[in-house]
Amino acid sequence: FCLQQFEPIGWAEELLPAAVAADVTQLPRLYTAASYCAYTDRAEDAVGYAEVAVTLQDEPGYQPFANGWAAFRVAFADLYAGRSDRGVEICTGLAAQTGLARVLGLCGLIPGLAVAGRFDEAIAIADDTMTAARAHANPYWIAFAYYGYGAAYTVTDPQRALDTFRDGLAYTRQHRIPYVEAVIANEAAGLEATHGDIDLALDLFA
């Protein structure tokens with residue numbers, strides 16, 4: 001399963017030398033795709049790829065992904081690299097924009113704030129994040145908003161966080177979003193163990 005999920009990252013990286021030599025118009029997209037190597041414990045490489053995508057997307061003749069995507073990948077890789085403050089800074093800038101960039105920024109901002117222990121700030125934007133994700137109407141980002149909403153309340157209101165995670169798990173399973181399901185399950189398992197159903201916690205850990 002993992003090989004099937006991560007293999008396309010390798011394809012992107014294998015294509016890069018030839019694509020750079022040919023100066024193809026899709027270079028920002030290819031660098032953005034390569035930045036998913038953060039999932040394979042290569043956060044610094046991911047930051048490098050995503051930063052190149054951000055640089056190239058503003059140059060004439062290149063085709064980037066949707067607005068904000070490459071910057072979001074920089075922030076995400078920074079979180080994986082342990083630089084939550086930089087990730088929060090980037091996502092704050094995205095959240096101040098409109099459209100998809102705002103959704104990306106808000107969905108990335110809450111986990112970053114939670115990792116940094118800034119739960120009051122995360123709670124302050126939790127409702128806006130869910131509203132923005134639902135308005136954008138992409139199931140992936142709605143699922144991610146469930147994760148962020150729950151993460152915001154993990155310390156101050158664990159039961160509310162647990163209820164949100166349960167709803168989020170149901171949503172990810174309904175819409176077949178296994179990555180976010182795994183992310184939520186990871187967070188929900190500990191809360192189930194201490195505030196909920198211990199048998200369910202064991203299932204979630206598995």
Side-chain angles (χ1 to χ4, degrees), residues 1 5 36 38-39 68-69 71-73 75-80 82-85 87-206:
F1 172 77
Q5 294 297 311
Y36 278 78
Y39 291 125
W69 197 268
F72 176 76
R73 296 307 308 170
F76 189 90
D78 274 322
L79 288 175
Y80 266 60
R83 293 186 291 269
S84 60
D85 288 347
V88 164
E89 181 182 353
I90 293 170
C91 286
T92 298
L94 290 172
Q97 300 181 35
T98 59
L100 177 61
R102 174 171 167 76
V103 175
L104 293 170
L106 289 169
C107 285
L109 189 52
I110 291 186
L113 291 170
V115 167
R118 297 160 61 180
F119 293 102
D120 289 344
E121 293 173 67
I123 289 170
I125 62 169
D127 287 331
D128 285 345
T129 300
M130 186 64 75
T131 299
R134 285 175 171 155
H136 187 65
N138 183 314
Y140 180 90
W141 294 111
I142 295 172
F144 212 91
Y146 272 112
Y147 160 62
Y149 197 100
Y153 284 96
T154 299
V155 171
T156 60
D157 192 344
Q159 188 57 55
R160 184 171 186 171
L162 186 53
D163 290 343
T164 302
F165 287 146
R166 287 171 176 169
D167 290 343
L169 285 170
Y171 187 87
T172 59
R173 290 162 182 164
Q174 176 188 357
H175 292 276
R176 300 180 185 179
I177 310 172
Y179 168 68
V180 185
E181 179 185 358
V183 170
I184 294 176
N186 183 58
E187 295 292 327
L191 287 179
E192 288 286 3
T194 53
H195 300 281
D197 183 333
I198 189 65
D199 292 328
L200 181 55
L202 292 171
D203 289 341
L204 291 171
F205 278 125

Once salt bridge (Lys or Arg N to Asp or Glu O under 4.0 Å) is applied, what residue pairs with a partner in residues 88-105 remain, sequence neighbours excluded? none
Stepwise side chain to side chain contact (heavy atoms under 4.5 Å, CB included) check, Arg118 with Leu109: CA-CA 11 Å; Arg118 297 160 61 180; Leu109 189 52; over 6 Å; no
Rounded distance (nearest 0.5 Å) linking atom CG of Leu106 with atom CG of Asp127: 11.5 Å
Identify the heavy atoms of Ala151 and Ala114 that sit nearest to each other, and give their distance. O-CB, 4.1 Å
What pair of heavy atoms forms the shortest contact from Leu200 to Glu192, and how long is it? CD2-OE2, 3.2 Å
Under 4.5 Å between any side-chain heavy atoms of Tyr149 and Phe165, yes or no? no
Any idea which heavy atoms bring Leu162 and Gly196 closest together, and the distance? CD2-CA, 3.9 Å
Applying side chain to side chain contact (heavy atoms under 4.5 Å, CB included), name anything that partners Tyr36, two or more places apart in sequence or on another chain. Ile9, Tyr39, Trp69, Arg73
Pairing of Arg160 and Asp163 as salt bridge, 4.0 angstrom limit: no
Rounding to 0.5 Å, atoms CG (Asp128) and CD1 (Ile110) come to a distance of 9.0 Å
What distance do Asp203 atom CG and Ile198 atom CD1 have between them, rounded to the nearest 0.5 Å? 10.5 Å
For the atom pair SG (Cys107) and NE2 (His136), what is the distance rounded to the nearest 0.5 Å? 9.5 Å
Should the pair Trp141 and Phe72 be assigned to parallel (<30°), tilted (30 to 60°) or perpendicular (>60°) ring geometry? perpendicular
Could you check whether any side-chain heavy atom of Ile123 comes within less than 4.5 Å of a side-chain heavy atom of Asp157, counting everything from C-beta outward? no
Heavy-atom check, side chain of Gln159 versus side chain of Tyr153, under 4.5 Å: no
Review item, side-chain donor-acceptor pairs of residues 178-190, under 3.5 Å, at least two apart:
from: Glu181; atom 1: OE2; to: Arg173; atom 2: NE; distance (Å): 2.9

For Gly68 and Leu94, which heavy atoms make the closest approach, and how far apart are they? CA-CD2, 3.7 Å
Decide yes or no for Leu169 and Leu204: does some side-chain heavy atom of the first lie under 4.5 Å from some side-chain heavy atom of the second? yes
Less than 4.5 Å apart, side chain to side chain, heavy atoms only: is that true for Tyr171 and Pro139? yes
Using side chain to side chain contact (heavy atoms under 4.5 Å, CB included), reason through Asn138 and Leu100 one step at a time and then give a plain yes or no. CA-CA 10 Å; Asn138 183 314; Leu100 177 61; over 6 Å; no
Report the distance from atom CD1 of Ile177 to atom OG1 of Thr172, rounding to the nearest 0.5 Å. 6.5 Å
Can you name the closest pair of heavy atoms from Ala132 and Val103 and give their distance? O-CG2, 3.7 Å
Scanning both residues in full, the closest heavy-atom pair of Tyr147 with Pro111 reads CE2-CG, 3.5 Å
